[in-house]
Amino acid sequence: MPEGPQIVYLKEQTNQFIGQELISIEGSVIASNEKNLAGQSLIDIKTFGKEILFCFTRVTIRVHLMLFGRYAIDGEMNRKLTLELEFENGRINFYASSCRLIEAPVETIYDWSVDVMSASFDERRAVIKLQGKPQQFICDALLDQNILAGVGNKIKNEVLFRRQVHPLSKVKDVPEAKLRELVKECVTVSKQYFQWKRDALDEEKWLVYKKTTCPRDGVLLVVEKLGRSKRSCYFCEQCQQLYDDQNA
DNA sequence: GGTTATGTTATTTC
DNA sequence: AGAAATAACATAAC
């Protein structure tokens, strides 16, 4: 369920709750001494990367859907409930999600300049931070939430294909101009993904993810778990260039 | 029934 | 100490 754009979409679905009073809170992950949240008002909903933040008067609840998380607005699912927030005008349930209470002001712990969906995302800084991981494979570096918060495995594969970079290129061997292209593409794909989500087209738009042949040249795609992260890479050996010591 | 999947974190091992 | 491997968590689809 996650990846930044889907979380921004989720926020869009929950905006109706902003300004509402919390009637009740349930969930196995919220300890009993935290139930006094009821009565507080929902001041704002923010997103950071793959996290959604429910900012109440005195405290913030952070929800991360991880790999299997689901949610239902004014509905039920037959799964393990991790958090239920009931407001005056509706209810949102989270299942199989990771939830945490944040007591500090969120501005002090989140830096939105690394969030690819944020208006304050800083491209140049992302490039510099990538260059700070010279030995990493590009397929791992693009998934680094401290550099490109919100980018997940689907976006990673799409970006590498569109910019024609082999996933096993080392960051230090990728020319700076190409790194800049990759960072820009992360933003582009993320914004498109968000729109696909709105249009309910998000399962059919990917060029290589879960596909078998390259849309450019028809060559069979390679599917392998690569890099330190061992996440699935879908790529074309014909048209995605491997940057290495030879051609850096 | 085994494998895989949009993810992260805690623990163990080297 | 610190990097790297492994386990842990949770759930559905093929």
Side-chain angles (χ1 to χ4, degrees), chain A residues 1-13 27-31 47-53 61-72 75-84 93-102 109-110 114-117 132-137 139-162 167-168 170-171 185-212 221-235:
Chain A
M1 187 74 250
E3 289 207 61
Q6 292 164 284
I7 302 304
V8 177
Y9 178 74
L10 164 58
K11 174 190 154 39
E12 202 172 59
Q13 306 296 107
S28 53
V29 295
I30 301 291
T47 67
F48 175 82
K50 299 166 186 168
E51 305 174 11
I52 186 161
L53 307 168
I61 298 178
R62 181 212 82 145
V63 181
H64 195 307
L65 280 71
M66 309 301 282
L67 199 50
F68 307 123
R70 291 290 129 93
Y71 63 89
E76 307 274 344
M77 289 179 104
N78 187 21
R79 290 160 189 252
K80 184 179 180 179
L81 182 76
T82 44
L83 178 67
E84 177 185 274
N93 289 0
F94 287 98
Y95 304 90
S97 305
S98 162
C99 308
R100 247 191 254 159
L101 220 59
I102 299 174
I109 46 179
Y110 289 100
V114 305
D115 181 347
V116 293
M117 287 299 284
K133 311 267 181 184
Q135 296 300 333
Q136 280 193 10
F137 294 117
C139 63
D140 288 325
L142 292 185
L143 290 174
D144 189 330
Q145 299 301 294
N146 296 122
I147 301 178
L148 296 159
V151 171
N153 205 36
K154 287 182 174 180
I155 296 173
K156 173 201 82 179
N157 278 303
E158 182 79 8
V159 164
L160 289 174
F161 175 74
R162 288 195 190 181
L168 287 183
K170 288 265 182 76
V171 172
E185 200 68 48
C186 284
V187 175
T188 304
V189 171
S190 295
K191 294 195 167 152
Q192 289 177 340
Y193 191 0
F194 174 57
Q195 192 57 46
W196 298 341
K197 190 77 197 152
R198 273 178 164 168
D199 301 338
L201 296 170
D202 55 298
E203 289 311 314
E204 39 186 285
K205 292 289 189 176
W206 304 105
L207 295 177
V208 289
Y209 180 76
K210 293 236 165 126
K211 295 286 189 294
T212 53
L221 293 175
V222 178
V223 187
E224 270 181 299
K225 293 184 193 304
L226 300 179
R228 179 151 53 178
S229 56
K230 300 224 165 51
R231 304 296 303 279
S232 291
C233 290
Y234 293 78
F235 64 101

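FYI, side chains are in, hydrogens and waters are out, and symmetry mates aren't considered; it's all heavy atoms of this structure. A note on names: the letters A, B, ... follow the listed sequences, proteins ahead of strands, and every chain is numbered from 1. Bear in mind the structure is a predicted one, so any value in this text is a computation, not a measurement.
- Of the P atoms belonging to C:dA7 and B:dT3, the separation is 15 Å, rounded to the nearest Å.
- In this structure A:Glu76 satisfies the salt bridge (charged side-chain N to carboxylate O under 4.0 Å, His left out) test together with A:Arg91, sequence neighbours excluded.
- Here A:Phe235 pairs with A:His166 under the ring-ring contact (aromatic ring centres under 6.0 Å, His included) rule; sequence neighbours left out.
- Counting only distance, with no hydrogens or angles, the side chain of A:Gln145 and the backbone of A:Leu143 share a donor-acceptor pair below 3.5 Å.
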Polar atoms only, N or O, under 3.5 Å: list the protein pairs with nucleotides 10-14 of chain B and their distances.
none

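- Set against B:dT9, B:dG7, C:dA4, the side chain of A:Arg62 has B:dT9 as its closest nucleotide.
- Here A:Lys154 pairs with A:Glu3, A:Tyr193, A:Glu203, A:Trp206, A:Tyr209 under the side-chain contact (heavy atoms from CB on, under 4.5 Å) rule; sequence neighbours left out.
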Under 3.5 Å for both distances, Watson-Crick or G-U wobble, that's the pair rule; now give the dot-bracket for DNA chain C, with | marking pairs to another strand and [ ] for crossing ones.
.||||||||.||||
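- Between the C1' atom of B:dT8 and the CG atom of A:Leu143 lies a distance of 12 Å, rounded to the nearest Å.
- Among residues two or more places apart in sequence or in another chain, the side-chain contact (heavy atoms from CB on, under 4.5 Å) test is passed with A:Asp199 by A:Gln195, A:Leu201.
- When rounded to the nearest whole Å, the span between CZ of A:Arg228 and P of C:dT6 equals 14 Å.
- Looking at residues two or more places apart in sequence or on another chain, you find no salt bridge (charged side-chain N to carboxylate O under 4.0 Å, His left out) involving A:Arg231.
- With P as the reference atom, B:dT11 and C:dA10 are 15 Å apart, rounded to whole Å.
- Partners of A:Val114 under the side-chain contact (heavy atoms from CB on, under 4.5 Å) rule, at least two apart in sequence or in another chain, are A:Phe48, A:Asp111, A:Lys129, A:Ala149.
- Put simply, A:Gln145 has no side-chain N or O that comes within less than 4.0 Å of OP1 or OP2 on B:dG7.
- Taking the side chain to side chain donor-acceptor pair (under 3.5 Å) definition, one finds that A:Ser229 meets it with A:Asp140, sequence neighbours left out.
- A close approach under 4.0 Å does occur between a side-chain nitrogen or oxygen of A:Ser232 and OP1 or OP2 of B:dA5.
- For the C1' atom pair drawn from B:dT8 and C:dA13, the interatomic distance equals 22 Å after rounding to whole Å.
- We find that CG of A:Asn146 is positioned 14 Å from C1' of B:dG7, with the value rounded to whole Å.
- Not counting sequence neighbours, the partners of A:Leu207 by the side-chain contact (heavy atoms from CB on, under 4.5 Å) test are A:Glu158, A:Phe161, A:Arg162, A:Pro215.
- Counted by atom type alone, A:Arg62 and A:Ser98 present one or more donor-acceptor pairs between their side chains at under 3.5 Å.
- By the side chain to side chain donor-acceptor pair (under 3.5 Å) test, A:Tyr234 pairs with no residue at all, sequence neighbours left out.
- Phosphate proximity of B:dT4 to A:Arg231: absent, as no side-chain N or O sits under 4.0 Å from OP1 or OP2.
- Using a 3.5 Å distance cut-off with no hydrogens or angles, the side chains of A:Tyr110 and A:Glu51 do pair a donor with an acceptor.
- Taking atom NZ of A:Lys156 as the reference point, atom P of B:dT8 lies 12 Å away to the nearest angstrom.
- The distance between atom CG of A:Asp140 and atom C1' of B:dT8, rounded to the nearest whole Å, is 14 Å.
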In B/S/- notation (B base, S sugar-phosphate only, - none; protein heavy atoms under 4.0 Å), nucleotides 7-12 of chain C written 5' to 3' is ---BBS
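- A:Ile155 places its CD1 atom 13 Å from the C1' atom of B:dG7, with the value rounded to the nearest Å.
- Across the protein-nucleic acid pair, A:Lys154 atom NZ and B:dA5 atom P stand 12 Å apart, rounded to whole Å.
- When rounded to the nearest whole Å, the span between CG of A:Asn157 and C1' of B:dT6 equals 11 Å.
- You'll find that the side chain of A:Lys225 is closest to B:dA5, out of B:dA5, B:dT9, B:dT6.
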